[in-house]
Amino acid sequence: MTRRLPFTREPWNFLMRAGCIGVYAAGFSGAAGLLPRPFAAPAVGIALFVLGAHTIELAVLRRHLGLYQGPAAKSVALALLFGSLHWFPLLELQRTREPPA
């Protein structure tokens, strides 16, 4: 019997979310001067790139965020942090709930 990770149906989703948090933590550390100089600028640049990509995803796919059962502000924050790792499971859940046409 395999043990499921909390708040997710797929272990890869949990690992990718942890990776996103790691990217943001590295970017924040680089911006705060906690990383050595050769690593700070790339860490900040990668974090800003990921945040920009997630912002574009949020703008394009905002209608799917209404599928989230919690507050809308929390769904927006999760979409900015995790991008498709947040909205794609919501879309899959909607597809499984809808009867085939």
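Residue numbers start at 1 and run along the sequence shown. As the structure is a prediction and not an experimental result, all values here were calculated from the model.
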Which pair of heavy atoms, one from [X] and one from [Y], lies closest together, and at what distance?
X: Gly27; Y: Ala47; value: CA-CB, 3.8 Å
X: Ala26; Y: Ala43; value: O-CB, 3.6 Å
X: Pro89; Y: Ser84; value: CD-O, 3.7 Å
X: Cys20; Y: His54; value: SG-CE1, 4.1 Å

Is there a path of hydrophobic side-chain contacts, each under 4.5 Å between heavy atoms of I/L/V/M/F/W/Y residues, joining [Y] to [X]?
X: Leu35; Y: Val50; result: no
X: Ile46; Y: Val44; result: no
X: Ile21; Y: Met16; result: yes
X: Phe49; Y: Phe28; result: no

### Message
Between Leu58 and Trp87, does the side-chain contact (heavy atoms from CB on, under 4.5 Å) criterion hold? Intermediate values first, please.
### Response
CA-CA 9 Å; Leu58 176 66; Trp87 62 259; over 6 Å; no

### Message
Pair Val76, Tyr68 - check side-chain contact (heavy atoms from CB on, under 4.5 Å), show working.
### Response
CA-CA 10 Å; Val76 168; Tyr68 185 68; over 6 Å; no

Just verifying a value: how many Å separate [X] [atom1] and [Y] [atom2], rounded to the nearest 0.5 Å?
X: Leu61; Y: Leu90; atom1: CG; atom2: CG; value: 11.0 Å
X: Lys74; Y: Leu81; atom1: NZ; atom2: CG; value: 11.5 Å
X: Tyr24; Y: Leu48; atom1: OH; atom2: CG; value: 9.5 Å
X: Leu91; Y: Phe88; atom1: CG; atom2: CZ; value: 6.5 Å
X: Leu80; Y: Ser75; atom1: CG; atom2: OG; value: 10.0 Å
X: Trp12; Y: Leu85; atom1: CH2; atom2: CG; value: 6.0 Å

### Message
Given 3.5 Å as the limit, does a donor-acceptor pair link the side chain of Glu57 with the main chain of Ala79, or not?
### Response
no

### Query
Between the side chain of Arg17 and the main-chain N/O of Phe82, is any donor-acceptor distance below 3.5 Å?
no

### side-chain contact (heavy atoms from CB on, under 4.5 Å) evaluation trace for Leu65 with His86
CA-CA 9 Å; Leu65 299 180; His86 172 63; 3.7 Å; yes

